[in-house]
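By convention in this document, chain letters (A, B, ...) are assigned in the order of the sequence lines, proteins followed by strands, and residues within each chain are numbered from 1.
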Amino acid sequence: MQEFIQAIESAIVEATGLEAGSFSLEKPRKAELGDFAFPCFLLAKRDKGNPAKIAGELAGKLNEALDGIEAIATGPYLNFKVDRGDLARSILNGVLSAGEAYGNSEVGQGKTVVIDLSSPNIAKPMSVGHLRSTVIGAAIQRLHDALGYKTVGINHIGDWGSQFGKLVAAVDRWGDTVDLEGDPIKSLLALYVRYHEEEENDPVLQAAGRAAFQELESGVDGHVRAVWRKLTQLSMEEFNRTYARLNVSFDEVRGEAFYEDYLEPTIQRIVDAGITEESEGALIVSLKEFGENVPPCLLRKSDGTTLYATRDMAAVFHRYELYHFHRCLYVVGGDQRLHFQQLKYVLQRMGLDWEDRVEHVAFGMMRLPEGKMSTRKGQVVFLEDVLDRAAEEAGKIIAEKNPDLEGAAEIAEQVGVGAVIFNDLKRERVKDIEFVWSEVLSFEGDTGPYVQYTHARLASILRKSEAGALEGTPDYAALAESAPLLLALGQFPGVLEKAADRAEPSELTQYLLGLAREINSWIAANRVLGQEPGVTTARLQLVDAARIVLARGLSLLGVAAPDSM
RNA sequence: GCGCCCGUAGCUCAGCUGGAUAGAGCGUUCGCCUCCGGAGCGAAAGGUCACAGGUUCGAAUCCUGUCGGGCGUACCA
């Protein structure tokens with residue numbers, strides 16, 4: 001498809017003297033108008049003329065220059081229509097020869113992208129809120145992989161901080177009242193909740209919590225550390241089960257504890273940069289120069305321990321030194337905007353020119369109809385339950401519509417989990433999501449299962465076709481009416497680039513929904529099997545190409561594409 | 001108070017580096033399984049693009065202000 005765009009653009013450059021790259025072609029309002037559009041307003045401004053008249057004159061010139069592409073003036077627009085046979089040949093050959101690699105490119109060659117994703121907290125169950133970071137981050141990583149970047153997905157586990165002192169204190173006090181080994185996460189959650197209920201009126205408990213964290217940070221490998229290690233191990237075992245279901249893996253799983261040995265050197269480095277100061281007993285970096293009300297970045301509390309910001313500073317230095325990243329993406333909720341802004345401000349004050357490669361990929365909150373989720377208040381929906389219920393619903397539908405399906409249980413899991421993932425990636429990531437069961441469990445309309453179903457239908461047609469039908473001589477003219485679908489397939493590579501650049505997986509989900517809609521209409525109107533051999537071959541090629549793009553798109557999102565369901 | 005994010009159909013959302021009559025899904029109503037999968041297809045109804053100014057030949061899109069919602073605002077993460 002790129003070849004047509006280039007041909008048109010260079011013909012326009014030739015005919016008008018506009019600079020290449022100073023304009024770009026648009027998609028016509030309606031498919032009947034043409035395949036590509038060039039609005040003539042810019043030219044009208046430059047030449048102080050009437051845009052409609054200019055379009056008319058230009059059409060004449062371009063029709064002489066272009067071969068196999070017709071230029072049609074429609075009012076102030078100049079629309080281009082590629083010869084139907086050429087369009088089908090070019091796009092289908094492009095997709096079919098690349099196969100599963102269609103859409104991949106080399107634009108990221110030699111560049112490294114570090115992605116910080118998921119980052120659950122030890123000792124707390126994963127809620128549907130953690131789903132967002134995991135699923136968005138993993139999709140962004142796969143998109144960059146497809147574009148040739150070297151990617152490093154890091155799961156920055158929340159395994160450090162004062163709450164672990166509290167947790168150790170709670171385990172010490174009440175550990176034998178819960179079943180830590182049998183059901184670790186729920187037990188730890190219960191202890192965590194109990195600690196917060198009782199600490200307010202119990203200074204001894206408060207002191208025990210603080211002391212435990214101080215011991216943890218001091219590096220002493222004693223009782224506190226042993227308990228902490230146990231909690232971490234038990235939690236990770238549970239998390240890994242969920243990651244397996246979501247089909248997500250990480251290149252590095254590094255808790256904040258990993259940066260323990262880097263904390264002092266990091267603080268020293270920032271002190272050496274001459275930008276720190278003492279304030280109210282704490283070590284801070286003032287950020288007043290970025291705004292009167294920008295709060296300072298705290299590196300060390302008055303009691304000597306470090307903070308979240310200290311550990312993130314250590315992590316970003318470590319990552320830069322290790323990878324010299326081209327981008328470092330933090331897939332973290334929008335409620336932490338200020339934190340990442342401060343981190344970037346500190347880097348800026350240090351005069352580090354790679355500061356702008358650090359990006360906070362913020363996403364909206366997941367909330368319940370009754371309000372904000374809160375683990376402590378028990379106002380949460382656990383991810384495991386959502387996945388279970390979705391798979392169960394999918395299983396029921398399969399039992400009803402396709403009772404003889406082989407491997408039904410596995411496919412129910414793929415459809416159920418796929419629905420959950422797709423639903424999360426469907427809208428722009430900055431938007432808050434209200435968690436509504438009926439929406440998550442919906443498998444019709446703009447949903448993952450709709451796209452999966454479309455894929456399965458195409459796979460079914462291919463299965464039923466005669467051997468060799470795909471390799472016959474295609475009659476591409478028979479696809480004259482299929483231009484919108486062909487053009488949609490041609491857009492796929494561009495969609496991947498845009499989605500990766502913007503770190504916005506919804507670019508891809510929205511594209512796939514549109515493509516699936518286009519395909520379903522097309523199937524209803526064009527019978528594939530049992531036509532003239534040339535016609536069947538051409539349509540079968542289109543079916544195969546569409547199937548490839550849907551499968552590839554879904555896999556980039558982390559959603560399975562079963563051949564039947 | 002201050003800062004940031006969001007505001008498009010009854011609901012959930014596309015469209016936002018300005019361009020042709022603002023598009024989907026859900027829900028509602030009406031059609032379509034002697035024909036490759038009805039988790040589908042076709043059609044109808046539904047909009048002062050929060051409001052008010054401004055920039056422009058042209059604004060849902062850019063700028064300013066107002067309102068509404070969310071998040072954050074130094075020793076939690």
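Rounded to whole angstrom, the span from the CD atom of A/Q342 across to the P atom of B/C71 amounts to 19 Å. B/C57 atom C1' lies 9 Å from atom CZ of A/F41, rounded to whole Å. Atom-to-atom, CZ of A/F435 to P of B/G70 comes out at 21 Å; the value is rounded to the nearest Å. The CZ-C1' distance, from A/F213 to B/A77, rounds to 11 Å in whole Å. In this structure, the CE atom of A/M313 is 19 Å from the P atom of B/A74, given to the nearest Å. Here the C1' atom of nucleotide B/A24 and the CG atom of A/L512 are 15 Å apart, to the nearest Å. A/R337 places its CZ atom 7 Å from the P atom of B/C5, with the value rounded to the nearest Å. The interatomic distance linking A/N423 (CG) with B/U12 (P) rounds to 13 Å, in whole Å.
Each of B/A77, B/C2, B/G37 was ranked by its minimum atom distance to the side chain of A/S564; first place goes to B/G37. Checking B/C36, B/A77, B/G72 against every side-chain atom of A/K372, the shortest atom distance belongs to B/G72. For A/R517, the side-chain atoms get nearest to B/G25 when compared with the rest of B/C35, B/G25, B/C71. Here the nucleotide nearest the side chain of A/R427, chosen from B/U73, B/U12, B/C36, is B/U12. Of the candidates B/A14, B/G37, B/G70, B/A14 carries the atom nearest the A/Q510 side chain, counting heavy atoms from C-beta on. Distances from the side chain of A/E428 to the nucleotides B/A14, B/G25, B/C36 place B/A14 closest. Set against B/G40, B/A74, B/A14, the side chain of A/E444 has B/G40 as its closest nucleotide. Closest to the side chain of A/V430, out of B/C6, B/A20, B/G72, is B/C6. The side chain of A/N121 lies closest to B/A77 when the candidates are B/C41, B/A77, B/A20.
For the pair A/K166 and B/A77, the criterion of a side-chain N or O lying under 4.0 Å from OP1 or OP2 is not met. Side-chain N/O atoms of A/S521 include one lying less than 4.0 angstrom from OP1 or OP2 on B/G42. In terms of phosphate contacts, A/Y450 brings no side-chain nitrogen or oxygen within less than 4.0 Å of OP1 or OP2 of B/C26. Distances shorter than 4.0 Å separate none of the side-chain N or O atoms of A/K426 from OP1 or OP2 on B/G25. One finds a side-chain N or O of A/R311 lying less than 4.0 angstrom from the OP1 or OP2 phosphate oxygen of B/A77. Within the structure, a side-chain polar atom (N or O) of A/R457 is placed less than 4.0 Å from OP1 or OP2 of B/G38. The phosphate of B/A14 (OP1 or OP2) has a side-chain N or O of A/K431 nearer than 4.0 angstrom.
For B/C26, the O4'-C1' to base torsion is more than 90° from 0; the nucleotide is therefore anti.
Using atom C1' as the reference point in both B/C16 and B/C49, the two lie 11 Å apart (nearest Å). Between B/U8 and B/G72, the distance separating the two P atoms is 22 Å to the nearest Å. The gap from the P atom of B/G3 to that of B/A74 amounts to 16 Å, rounded to the nearest Å. Comparing the same atom, P, in B/U66 and in B/C4 gives a spacing of 13 Å after rounding to whole Å.
Using a 30° and 60° split on the angle between ring planes, A/Y308 and A/H339 fall in the parallel class, below 30°. In this structure, A/W160 and A/W228 have perpendicular ring planes: the angle between them is above 60°, well past the 30° mark. Taking the six-membered ring where tryptophan is involved, the planes of A/F435 and A/W437 are perpendicular, since the angle between them exceeds 60° and thus also 30°.
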Next item on the list: Determine, stepwise, if the pair A/R502 / A/E428 fulfils side-chain contact (heavy atoms from CB on, under 4.5 Å).
Entry: CA-CA 11 Å; A/R502 291 186 56 205; A/E428 251 189 327; 3.2 Å; yes
Next item on the list: Give the intermediate values and the outcome of side-chain contact (heavy atoms from CB on, under 4.5 Å) for residues A/L405 and A/S564.
Entry: CA-CA 8 Å; A/L405 184 63; A/S564 44; 3.6 Å; yes
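With hydrogens and angles left out, the side chain of A/S279 and the base of B/A74 share a donor-acceptor pair within 3.5 Å. A donor-acceptor contact under 3.5 Å is not formed by the side chain of A/E256 with the base of B/A77. Put simply, the side chain of A/N79 and the base of B/A20 share a donor and an acceptor less than 3.5 Å apart.
Across all strands shown, B/U64 forms a Watson-Crick or G-U wobble pair with B/A52, both key distances being under 3.5 Å. Remark: B/A14 base-pairs with no nucleotide; criterion is Watson-Crick or G-U wobble with both hydrogen-bond distances under 3.5 Å. With a cut-off of 3.5 Å on both pairing distances, the Watson-Crick or G-U wobble partner of B/G3 is B/C71. Using the Watson-Crick or G-U wobble rule with both distances under 3.5 Å, B/A45 pairs with nothing in any strand shown. Of the nucleotides present, none pairs with B/C36 by Watson-Crick or G-U wobble criteria with both distances under 3.5 Å. The pairing partner recorded for B/C57 is B/G19, the criterion being a Watson-Crick or G-U wobble arrangement whose two distances lie under 3.5 angstrom.
Salt bridge annotation for A/E198-A/R194: present, with a cationic side-chain nitrogen under 4.0 angstrom from a carboxylate oxygen. Taking the charged nitrogens against the carboxylate oxygens, A/K81 and A/E70 have no contact shorter than 4.0 Å, which rules out a salt bridge.
Toward the 5′ end of RNA chain B lies the nearest nucleotide of A/L42, the other residue of the pair A/L42 and A/K45 mapping further downstream. If you find the closest nucleotide of RNA chain B to A/L307 and to A/P39, the one lying nearer the 5' end belongs to A/P39.
Here the straight-line distance linking atom CG of A/L263 with atom CE of A/M313 works out to 11.5 Å at 0.5 Å rounding.
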